[in-house]
Amino acid sequence: MSELNRRNFLKGAVAATASLAAAAALGGCSQTASSAAAGSAAASSTAASEAAQTTAEGPYFQYDICGKLSMSEFEASAAVAEPIEKFDAEENYDVVVIGAGASGMPAAIAAYEGGASVCVLQKESTATSQGSVSFILDAERTNEAGKIGLLYDLRKWCNYRSNFELNLAWANNCSEAMDWFVKKLTESGMVEGQDFNIFSEGEYHYEGGGEAYGKLCMCTGSYTAAINSLGEYFKEKFTIYFKTPAVQLIKENDKVVGVYAKKEDGTILKVTTNKGVVLATGDYQNNDAMVQKYLPDAAIFDKKQFGRTGDGHLMGLMVGAKMQNIGHTKMIHTKNWGGCCTLMKSLPFMAVNKNGVRFTSEDIPYDLRNNFVKNQPGLCWLSIFDANYQEQYAAMGYSGRDISTPDQIAESDGAFVADTLEDLAEQMGIDAAALVATVERYNEMCEQGFDLEFGKPAKYMAPIKQAPFYGLHYEYAVSAITSGLEVDKDARVLDENGQPIEGFYAVGNCSGPFYGSVDYPLDIPGLSISRAITLGYVVGKTLAQQ
């Protein structure tokens with residue numbers, strides 16, 4: 001199967017007839033082009049069409065799934081595969097930001113405040129984000145050894161696959177960027193203590209003697225409100241096109257010089273840039289073909305977000321960017337984040353599947369539990385414990401961690417309370433006889449002092465004997481995929497030779513490898529949003545100064 005030289009991709013024209021023929025040659029791929037490309041293929045001449053069918057390289061759609069792209073990846077995405085040659089309007093700005101989220105809005109605002117003219121292209125109807133907490137490295141209390149020590153541990157938590165230069169860029173700029181971000185929230189009308197709160201997170205100590213201290217910026221509800229507030233405020237100061245997805249990058253002489261976008265009325269807007277294009281389009285969790293290709297472990301899980309269809313990834317690949325090596329980093333957490341479920345989600349009480357049977361040692365870290373529930377019916381982790389759970393919790397050696405009271409459990413979604421194990425099983429929809437047998441076997445092992453099934457340490461073996469009995473139902477789903485196009489420490493997108501593509505940047509979840517591990521580490525709470533805000537701010541500020 002022939003491939004297209006992506007460097008020359010935008011130099012040629014592919015007619016609709018050639019596209020359809022090539023798509024048909026891709027067994028299992030769509031045989032129709034994206035409707036978003038209406039008019040672009042028709043603009044090609046008959047001569048170009050014939051040339052596309054006869055060239056040795058072949059038409060674009062013959063780039064098979066074992067290479068970089070396939071037609072199926074475009075079916076869910078706003079990105080357009082066929083070269084766009086006609087447009088309805090043209091505008092020029094210093095900086096173009098694609099995506100108005102936790103990385104895109106800081107990039108745009110920082111560039112604007114640095115004196116650059118800015119255009120933001122946003123697929124959704126508002127500026128939006130996800131998550132509720134962002135980490136702030138307390139620069140006043142953290143010494144250099146503490147900062148480097150924290151990054152040392154971050155690499156360890158990421159199985160030594162993270163990009164240290166990217167990690168360092170975050171750590172060096174986090175305090176400044178987050179302080180700036182909080183000021184922007186206030187400027188946009190959000191009130192500290194009402195719409196968001198800043199509080200101490202904790203301290204980190206390392207063998208080398210370094211100390212690092214953290215704070216958290218927690219937004220009421222989620223960062224959706226925070227980013228939307230910034231969008232509403234700053235749309236009066238620079239150009240933001242809502243309901244206007246970017247569909248294709250423009251590359252000339254090895255430099256990204258602009259982007260085509262599709263406006264709400266269907267017209268094509270060409271936006272050129274004097275300084276650079278910043279991708280901030282989020283992840284690809286809602287693009288099934290990309291998930292199957294880059295992160296098949298996540299395919300069976302429901303997705304918490306919408307509209308994350310890998311638009312930026314695909315547009316970048318079309319102009320020669322390199323995708324981060326797989327496996328990509330997945331953030332798979334529980335669906336129910338309210339009440340007791342949040343406080344107790346990581347505690348090692350006995351757990352069963354929907355058949356009422358244990359399936360792993362329960363001391364597995366919360367961020368890794370998805371790897372065990374993926375083979376269980378309903379993708380569930382059902383935590384079971386008895387009336388003595390608070391004393392057992394203390395005996396396990398925990399301190400300083402919140403734990404729900406019986407009243408809080410009784411009032412929470414996904415929580416169940418019963419006087420008998422049989423009644424608890426019925427409430428939770430699991431086999432009663434199996435649960436009773438599992439608990440009896442578990443209690444025997446607690447008395448013996450050793451988990452003969454999975455080897456859980458004895459200190460976590462808490463018997464289940466005293467009514468009332470409690471059950472927490474955790475079902476898992478994808479929160480984010482935190483991998484994307486390879487970038488350097490300055491967020492410049494790299495080609496397959498590791499060289500920066502001029503005029504092209506990526507931040508947030510469409511860039512990588514900030515982590516590199518299979519699972520997103522939760523050891524630094526709020527790191528994901530902090531990374532997005534910090535590196536978005538840095539890129540915007542840097543571009544304005546060019």
Side-chain angles (χ1 to χ4, degrees), residues 91-122 127 136-137 139 147 163 165-185 187-188 227 230-231 233-240 246 249-259 271-281 312 316 319 321 485-495 499-508 510-511 514 530-546:
E91 298 176 7
N92 175 263
Y93 300 86
D94 291 329
V95 177
V96 179
V97 178
I98 305 175
S103 56
M105 283 307 301
I109 296 168
Y112 163 76
E113 292 185 337
S117 59
V118 176
C119 175
V120 178
L121 301 170
Q122 169 69 338
I136 305 171
L137 190 63
K147 180 186 71 177
N163 184 310
E165 288 189 331
L166 275 175
N167 300 158
L168 186 60
W170 164 76
N172 285 340
N173 295 282
C174 174
S175 183
E176 175 187 330
M178 288 304 304
D179 287 348
W180 169 86
F181 181 77
V182 168
K183 291 177 182 177
K184 296 304 109 179
L185 291 183
E187 186 178 330
S188 72
I227 299 302
L230 293 178
Y233 179 72
F234 281 97
K235 73 179 183 181
E236 305 299 329
K237 300 181 179 299
F238 52 79
T239 302
I240 304 180
L249 295 171
I250 304 170
K251 187 179 182 184
E252 296 177 357
N253 300 320
D254 295 330
K255 178 180 180 180
V256 172
V257 297
V259 58
V271 186
T272 56
T273 174
N274 303 320
K275 295 176 179 288
V277 171
V278 181
L279 278 185
T281 50
V319 296
L485 304 178
E486 290 266 8
V487 297
D488 66 9
K489 63 181 179 61
D490 299 312
R492 297 180 298 177
V493 177
L494 305 179
D495 64 19
Q499 298 302 309
I501 299 174
E502 189 176 356
F504 191 22
Y505 301 79
V507 289
C510 65
S511 68
F514 188 87
S530 180
R531 166 221 184 185
I533 293 170
T534 299
L535 298 185
Y537 164 79
V538 170
V539 167
K541 184 177 177 182
T542 300
L543 280 173
Q545 295 171 352
Q546 290 184 359

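- Looking only at distances, a side-chain donor or acceptor of Thr281 sits under 3.5 Å from a matching main-chain atom of Gly312.
- Taking OH from Tyr505 and CG from Leu485, the interatomic distance works out to 15.0 Å, rounded to the nearest 0.5 Å.
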>> side-chain contact (heavy atoms from CB on, under 4.5 Å), that's the test. Do Lys184 and Leu230 meet it? Break it down for me.
In response: CA-CA 7 Å; Lys184 296 304 109 179; Leu230 293 178; 3.9 Å; yes

> side-chain contact (heavy atoms from CB on, under 4.5 Å) between Val257 and Lys251: does it pass, once the steps are laid out?
Replying inline: CA-CA 6 Å; Val257 297; Lys251 187 179 182 184; over 6 Å; no

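- The aromatic rings of Trp180 and Tyr537 sit tilted relative to each other, their planes meeting at an angle between 30° and 60°.
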> Under the side-chain contact (heavy atoms from CB on, under 4.5 Å) criterion, do Asp254 and Asp495 qualify, and how do the steps go?
Replying inline: CA-CA 10 Å; Asp254 295 330; Asp495 64 19; over 6 Å; no

>> Apply side-chain contact (heavy atoms from CB on, under 4.5 Å) to residues Val278 and Leu543 and explain how you reach the verdict.
In response: CA-CA 10 Å; Val278 181; Leu543 280 173; 3.5 Å; yes

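- Of the possible polar contacts, none joining the Ser530 side chain to the Ile136 backbone as a donor-acceptor pair under 3.5 Å is found.
- For the pair Leu494 and Ile501, the minimum side-chain heavy-atom distance is 4.5 Å or more.
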>> Let's go through Lys147 and Asn172 carefully: what are the C-alpha distance in whole Å and the side-chain angles of both, what is the deciding distance for side chain to side chain donor-acceptor pair (under 3.5 Å) to 0.1 Å, and is it a yes or a no?
In response: CA-CA 8 Å; Lys147 180 186 71 177; Asn172 285 340; 2.4 Å; yes

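- Interatomic distance, Glu113 CD to Phe238 CZ, rounded to the nearest 0.5 Å: 9.0 Å.
- Between the side chain of Asp490 and the backbone N or O of Arg492 there is no donor-acceptor pair closer than 3.5 Å.
- Scanning for ring-ring contact (aromatic ring centres under 6.0 Å, His included) contacts around Phe504 gives an empty result, with sequence neighbours left out.
- Formation of a donor-acceptor pair under 3.5 Å by the Asn253 side chain with backbone atoms of Lys255 is not found in this model.
- The aromatic rings of Phe514 and Trp170 stand perpendicular to each other, their planes meeting at an angle above 60°, with 30° marking the opposite boundary.
- Heavy atoms only, all atoms of each residue included: Ala102 and Ile227 are closest at CA-CD1, 3.8 Å.
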>> Using the rule given for side chain to side chain donor-acceptor pair (under 3.5 Å), can you reason through Asn173 versus Thr534, listing the C-alpha separation, both sets of side-chain angles and the distance that settles it, and then say yes or no?
In response: CA-CA 6 Å; Asn173 295 282; Thr534 299; over 6 Å; no

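- The line from SG of Cys174 to CD1 of Ile533 is 9.0 Å long, rounded to the nearest 0.5 Å.
- Legend: residues meeting side-chain hydrogen bond (donor to acceptor under 3.5 Å, both in side chains) with Glu91, ordered by chain and number and at least two apart, are Tyr93, Tyr241.
- With hydrogens and angles ignored, the 3.5 Å screen pairs no side-chain donor or acceptor of Asp94 with any backbone N or O of Ala116.
- Separating the CG atom in Asn274 from the OG atom in Ser117 is a distance of 6.0 Å, to the nearest 0.5 Å.
- Between the side chain of Lys489 and the main chain of Ala169, no donor-acceptor pair closer than 3.5 Å is present.
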